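Each ligand, and each atom within it, is numbered from 1 in the order the structure gives. Not measured: the values here are computed from a predicted model.
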Amino acid sequence: VATQRTSRRKTALRGGIDLGGTKIQAVVLDEGNHVLGESRRPTPREGGPEAVAAALADTLADAAGGAGIDPGTLAGVGVGSPGEIDAKKGTVAQARNLTDWIDPFPLVARLKDSVGVPAHVGNDVTLATNAEFELGVGRDTESLLGVFWGTGVGGGLVLDGKLWSGRGAAGEIGHMVVKMNGRRCPCGRQGCMEAYAGRGAMEARARKLHDEGRKTDLFKIMEKRGRERLTSGVWSRALEAGDKLAIEIVDEAVDALGNGIASAVNLLDVEAVVIGGGLGVRLGEPYAKRIAEAMQPHLFVDDRPPVVEVAALGDLGGAIGAALLVR
Ligand SMILES: [Zn+2]
């Protein structure tokens, strides 16, 4: 009994979990914010929020195992989630990209019960932006725009050293209009940046053009890799192979990102822009540079552009930002 009690003694270590539409990523951080353990699992597609909550706890347990500790000894755990977050109530509702998650679900209470430590929840993109502000690209700045280039295009904003959430919905950079009466966006509106740059919209575009007879190896690469979607890895491979259609669609995405981000910079004059998300991190520095170049013609003050860099925390930023919720 004595040893068990000792081994469950609370530590200063914190757990963080990023809940994504395709994967769950967990980390354990020490006091200096170093990653001691990490783990990832696919997000359950069946069983609704209960199944997802169980998978979150399991992924955290794996990360804690990697750090050589019992998850019950963590000082706490934070979760970055999509959807409508009520941080005070600890609930998540309307989680896009997750199955059967409409009504508010008490995620914080469920995790607290299963892991046995205090739990917190926040918006995934906001937490990832905050992690880059505190520990990554923005650590020496007072203002930062986070652009998360993935299935959609999410955004987060730090102004005057503080996260800016507006009335709760700020940072939706993916829905900046880059073309009047332009292409239909997955959100239902027209001409949004995401209609050209979101991986979901890019895939729909590739399928349409392929069906119309354009040649591309995108779908062959997808099948070869055993995927059902054009993942970031599939796009990256097709670009390396010089696939013309892939190049054309990605070029269009880069242009849209350049337009939209430059417009945001004209409004806000932030010091730095961090490019994260699945595609952003996968395509890396050369594409961050290309986005910066695509911004240039649209910058009103063009002799001192902001720093544009790939997320320094890579795809761990969401989980690390979630761990930072534990203070
Ligand atoms: Zn839109």
Side-chain angles (χ1 to χ4, degrees), residues 19-22 80-85 92-99 101-102 122-129 144-159 163-209 229-232 235 246 248-268 270 273-283 287-288 290-291 294-295 298 308 311 318:
L19 169 55
T22 53
S81 172
E84 287 173 15
I85 316 287
V92 175
Q94 307 280 351
R96 60 187 189 278
N97 300 337
L98 300 176
T99 37
W101 196 319
I102 306 298
N123 172 274
D124 50 358
V125 174
T126 305
L127 296 180
T129 301
L144 174 73
L145 172 65
V147 180
F148 296 89
W149 185 17
T151 308
V153 182
L157 203 48
V158 176
L159 298 174
L163 279 165
W164 176 262
S165 56
R167 291 175 297 156
E172 291 293 354
I173 192 159
H175 306 282
M176 297 277 289
V177 177
V178 296
K179 189 167 177 131
M180 298 228 316
N181 303 314
R183 207 171 288 159
R184 182 72 63 187
C185 181
C187 78
R189 293 165 189 84
Q190 273 182 287
C192 303
M193 187 160 101
E194 186 172 308
Y196 301 87
R199 200 177 49 210
M202 289 164 67
E203 175 168 341
R205 180 79 179 157
R207 279 189 195 281
K208 179 171 176 277
L209 294 176
R229 313 244 69 154
L230 298 182
T231 59
S232 299
W235 282 103
E248 184 182 307
I249 292 173
V250 171
D251 281 355
E252 213 171 36
V254 167
D255 265 347
L257 288 161
N259 273 265
I261 297 170
S263 296
V265 169
N266 288 343
L267 182 68
L268 302 166
V270 290
V273 176
V274 55
I275 309 289
L279 259 178
V281 169
R282 172 67 72 135
L283 297 181
Y287 281 80
R290 287 193 52 201
I291 291 167
M295 286 165 58
H298 307 290
V308 180

Report the protein N/O/S neighbours of the Zn ion (ligand 1) that fall below 2.8 Å; do not count waters.
->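 Those protein N, O or S atoms (cut-off: under 2.8 Å from the Zn ion (ligand 1)) are H175 ND1, C185 SG, C187 SG, C192 SG.
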
Determine the minimum heavy-atom distance between G122 and I85, stating which atoms define it.
->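 Minimum heavy-atom separation between G122 and I85: O-CD1, 3.9 Å.
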
At their closest point, which heavy atom of A311 faces which heavy atom of V281, and how far apart are they?
->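 So the minimum-distance heavy-atom pair works out to CB-CG2, 4.4 Å.
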
For residues 181-200, which side-chain donor-acceptor pairs fall under 3.5 Å, sequence neighbours excluded?
residue	atom	partner	partner atom	Å
R183	NH1	E252	OE1	3.2
R183	NH2	E252	OE1	3.4
R183	NH2	E252	OE2	3.1
R184	NH1	G188	O	2.7
R189	NH1	C187	O	3.4
Q190	NE2	G182	O	3.2
E194	OE1	V153	N	3.0
E194	OE1	H175	NE2	3.4
Y196	OH	R183	N	2.8
R199	NH1	S232	OG	2.7
R199	NH2	T151	OG1	2.7

Side chain to side chain donor-acceptor pair (under 3.5 Å) partners for E248, two or more places apart |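 Per chain and number, E248 pairs via side chain to side chain donor-acceptor pair (under 3.5 Å) with R214.
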
Can you name the residues that form a side chain to side chain donor-acceptor pair (under 3.5 Å) with T126, not counting sequence neighbours?
->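 Per chain and number, T126 pairs via side chain to side chain donor-acceptor pair (under 3.5 Å) with N123.
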
About how many Å separate OH of Y287 and CD1 of I275, when rounded to the nearest 0.5 Å?
->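 It is 13.5 Å, given to the nearest 0.5 Å.
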
